[in-house]
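These notes are about the structure you will find just below.
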Amino acid sequence: MSLIESVIPTCFKQTTIVPVTKSLFSGCFTFTGGKDRRSGLILTIPLCTEQTSMEELSSTLDYLLGIPSDKCKARGFTVIVDGRKSQWNIVKTVVLMLQNVIPAEVSLVCVVKPDEFWDKKVTHFCFWKEKDRLGFEVILVSANKLTRYIEPCQLTDEFGGSLVYDHIDWVNKRLVFEKFTKESSSLLDELVVINDSEKSSQLDKERPPDCNFLPSLDPETVLQTGHELLSELQQRRFNGAEGGGVAWSPMDDELLAQPQVMKLLDSLREQYTKYQEVCRQRSKRSQLEDIQTKVMQVVNWLEGPGTEQLRTQWGIGDSIRASQALQQKHEEIESQHSEWFAVYVELNQQIAALLSAGDEEDLVELKGLQQQLSDVCYRQASQLESRQNVLQSAHEFHGTAQDLSQQLDGLLGMLCADVAPADGAAIQQTLKHLEEKLKSVEGALVGLREKGQVLMDQMSNQTSWSYGKDVPIDNKDNVDHIQGVMEDMQLRKQRCEDMVDVRRLKMLQMVQLFKCEEDASQAVEWLGELLDALLKTHIRLGDDSQETKVLLEKHKKFVDVAQSTYDYGRQLLQATVVLCQSLRCSTRSSGDTLPRLNRVWKQFTVTTEERVHRLEMACSFHTAAEKVLVQASPDQGDLPVEVEQETYEEVETVGKALLDRLTVPMLDLMIHAILIMDCQSLYP
């Protein structure tokens with residue numbers, strides 16, 4: 001602590017100008033900046049009527065005399081003791097105090113006496129006689145005669161001079177200087193200790209640096225205060241009164257210690273520059289240690305808990321729901337890993353920044369940390385991706401298996417359902433749909449095998465990494481499950497194929513059944529058409545025996561065609577019965593086709609028999625008639641009466657019988673035949 005601070009109460013150390021000590025702030029001792037004719041400094045001691053502590057005056061004088069340089073002190077001081085407002089005994093005490101404190105530096109003491117001089121009995125003490133004992137010359141002089149010893153320009157206005165001096169301004173500047181000197185010196189010592197400690201720690205690698213040792217003051221603030229003080233001093237020196245401020249005097253640089261400020265600033269800047277480098281090294285070292293710590297945290301978690309999470313999650317589930325649950329669990333694991341991967345990205349950026357601006361000695365360590373971190377993170381990310389691919393493939397496999405199972409269930413349902421198609425076209429459509437279903441099942445089974453093989457290949461390439469070692473994974477249960485699913489689907493598909501073959505055969509038989517029934521119905525229609533033609537067009541009996549015989553021959557051929565149609569229909573109906581028995585379709589049999597066929601055939605046979613009888617009777621009639629006509633011809637002559645009568649009667653008998661037969665409608669004969677057939681069916 002400086003002397004000025006020791007004598008200034010704490011309450012006065014503010015920016016506001018307030019009285020600090022009675023002797024300093026009241027101006028009991030002042031260096032106004034004036035010089036005597038020997039270039040010695042002028043010390044002004046204005047005294048007042050109030051009693052002043054000699055101890056305080058002595059302390060203040062010691063402080064002020066410590067301000068000038070040794071060069072200035074060698075030129076001596078001229079002391080002006082202003083006693084115009086004081087008593088003689090105080091003046092005398094002050095002069096004697098000067099003799100006790102600085103007899104060697106004082107060359108002249110000018111005691112300014114009041115206008116009304118002290119009594120002679122008071123001033124009987126002669127200073128000029130005590131010169132040898134005092135060590136300096138003391139003169140009594142009036143204020144207006146002080147210019148005989150000191151130039152007016154070196155005196156302030158109170159002594160009739162022109163020197164401008166602001167005591168409060170000087171004290172404030174001095175306080176700023178004292179504060180800066182104290183803070184800068186203390187800070188300088190601390191920075192030297194910090195820098196030396198850092199240098200020693202660099203030489204001794206095993207000893208950790210004391211990173212907690214920080215300067216008690218902000219270097220930037222202290223430097224700013226010093227620069228402001230120096231700028232103020234330089235501005236006062238070069239501007240002076242022209243700038244509107246307090247005029248500069250030749251002693252300002254010595255009294256306010258401008259060189260000392262510059263020296264302190266230079267030293268402080270030098271040590272602060274070194275301290276900044278120390279801080280940079282500390283920051284880099286701290287950042288490196290922090291990176292090392294975080295890298296090890298990431299590595300330890302990924303190789304420890306992170307790998308353990310993956311190692312315990314190698315199942316693939318046995319259904320879509322189970323695989324979805326495993327995927328959700330894996331997403332939670334990925335979410336936890338993402339947080340550490342984010343730390344990895346941040347650390348990688350920090351390491352890259354340090355590598356781009358790092359020192360040679362840190363490059364190897366940083367690259368090693370970066371490589372270690374990258375290896376672990378990429379390996380863990382690869383395992384996460386591999387696990388995700390396995391789960392995705394498992395989900396697709398189970399999805400395909402479920403779709404295939406549903407298709408097989410649907411196909412089995414179709415095969416187990418009763419087939420009751422309306423016609424052959426419906427059977428063909430059903431058979432086509434069945435074939436499409438079977439083809440779709442075959443395609444789904446091929447896809448299931450492919451997805452199962454991909455899943456097993458992915459699982460065979462999986463390895464777990466635990467604490468730096470490859471750990472094989474036992475996927476036997478998963479492989480057995482996949483193969484079991486594929487074998488089960490293959491067996492189900494084979495059973496469905498066998499059932500499809502049976503159903504295909506059954507449907508083809510049903511197609512044949514419908515075809516036979518359709519053709520049998522067609523045969524009935526054909527017989528009906530032949531019957532209709534027989535009734536409507538086969539009515540002529542011929543004009544002679546020869547034509548009748550031709551008609552009879554044609555009728556036989558017509559009957560043969562109808563007989564073939566009837567036989568074909570009967571065969572179709574017999575095939576229908578066999579097919580119904582094979583299909584176990586007792587409800588169908590031949591239906592009403594056989595009765596219709598028999599009914600039409602009965603009608604046809606009755607009609608054709610009647611047609612044959614009529615043609616035969618017509619042929620007999622024409623033969624007999626022609627015989628009669630031949631006998632009655634002129635070329636034969638007259639015949640016996642008996643012969644003619646017998647032949648005529650035969651013709652007449654046959655003709656009458658034929659006419660009687662022609663009078664019976666064919667429809668009545670058909671109805672009669674149908675009634676007989678119905679009675680036979682009712683009463684066999």
Shortest non-hydrogen contact from L146 to C110? CD1-CB, 3.8 Å
D218: which residues meet the side chain to side chain contact (heavy atoms under 4.5 Å, CB included) condition with it, sequence neighbours left out? E220, T221
Which ring pair (Phe, Tyr, Trp, His ring centres under 6.0 Å) pairs, counting each pair once, include a residue from residues 66-86, with sequence neighbours left out? F31-F77
From Q87 atom CD to L47 atom CG, the distance as rounded to the nearest 0.5 Å: 10.5 Å
Keeping R84 on the side-chain end and K113 on the backbone end, is there a donor-acceptor pair under 3.5 Å? no
Nearest heavy-atom contact between P215 and I194 is CD-CD1, 3.6 Å
Exercise: identify the closest heavy-atom pair between Q392 and Q327: OE1-NE2, 3.4 Å
With a 4.5 Å cut-off on side-chain heavy atoms, are Q383 and R387 touching? no
Validation row: Y272, L265 side chains within 4.5 angstrom (heavy atoms): no
Taking the six-membered ring for Trp, are Y344 and Y378 parallel (under 30°), tilted (30 to 60°) or perpendicular (over 60°)? perpendicular
Please, which pairs that meet salt bridge (Lys or Arg N to Asp or Glu O under 4.0 Å) have at least one residue in residues 334-352, sequence neighbours excluded? none
Can you name the closest pair of heavy atoms from S185 and L264 and give their distance? OG-CD2, 4.2 Å
So, T307 side chain and L302 main chain: donor-acceptor pair closer than 3.5 Å or not? yes
N195: which of E190, Q271, K274 passes side chain to side chain donor-acceptor pair (under 3.5 Å): Q271
Are there more than 12 heavy atoms of other residues, nucleotides or ligands under 6.0 Å from atom CD of Q328? no
For the residue pair H337 and Q380, confirm or rule out a side-chain donor-acceptor distance under 3.5 Å. yes
Salt-bridged, D266 to R269, with N to O below 4.0 Å? yes
Any side-chain heavy-atom pair of F159 and N144 under 4.5 Å: no
Rounded to the nearest 0.5 Å, what separation is found between the CD atom of E183 and the CG atom of L188? 13.0 Å
Between H330 and L310, is there a donor-acceptor pair closer than 3.5 Å when you use the side chain of the first and the backbone of the second? no
Check step by step if salt bridge (charged side-chain N to carboxylate O under 4.0 Å, His left out) holds for E151 and K35. CA-CA 8 Å; E151 296 297 332; K35 294 183 180 180; over 6 Å; no
If I take atom CG from residue L366 and atom CD1 from residue I351, how far apart are they, to the nearest 0.5 angstrom? 6.5 Å
Under the side chain to side chain contact (heavy atoms under 4.5 Å, CB included) rule, what do L384 and I333 come out as? Steps first, then yes or no, please. CA-CA 9 Å; L384 285 171; I333 295 175; 4.2 Å; yes
Which distance, rounded to the nearest 0.5 Å, do you find between the CG of L268 and the CZ of F180? 6.5 Å
When you look at Q309 and Q336, which way does the side chain to side chain donor-acceptor pair (under 3.5 Å) test go after all the steps? CA-CA 10 Å; Q309 288 180 350; Q336 296 181 18; 2.7 Å; yes
Hey, could you give me the CG/CD1 distance between N348 and I291, rounded to the nearest 0.5 Å? 10.0 Å
For E385, is the CD atom crowded, meaning more than 12 foreign heavy atoms sit under 6.0 Å from it? no
CG of L229 to OG1 of T225: how many Å apart, nearest 0.5 Å? 9.0 Å
Donor-acceptor pair, distance only, cut-off 3.5 Å: does the side chain of S335 make one with the backbone of E331? no
Determine whether V298 and C377 satisfy the following criterion, side chain to side chain contact (heavy atoms under 4.5 Å, CB included), listing intermediate values before the conclusion. CA-CA 8 Å; V298 174; C377 289; 4.1 Å; yes
Going by heavy atoms in the side chains, are Y165 and T44 under 4.5 Å from each other? no
Taking S186 for the side chain and K182 for the main chain, is one N or O donor matched with an acceptor at less than 3.5 Å? no
Is there a side-chain contact between V164 and D166 (heavy atoms, below 4.5 Å)? no
Could you tell me whether K294 and D290 have a side-chain N and a carboxylate O separated by less than 4.0 Å? yes
Closest heavy-atom pair and its distance - L191, Y275: CD2-CG, 3.5 Å
Grab the two heavy atoms, one from S162 and one from C153, that are nearest each other, plus how far apart they are. OG-CA, 3.4 Å
Assess, by modelled atom type and distance only, whether the side chains of D36 and Q154 contain a donor and an acceptor separated by less than 3.5 Å. no
Backbone N or O of T181 within a donor-acceptor pair of the S184 side chain at under 3.5 Å? yes
May I ask you to test the L155-I80 pair for a side-chain heavy-atom distance under 4.5 Å? yes
Any non-hydrogen side-chain atom of I150 less than 4.5 Å from a side-chain atom of T78? yes
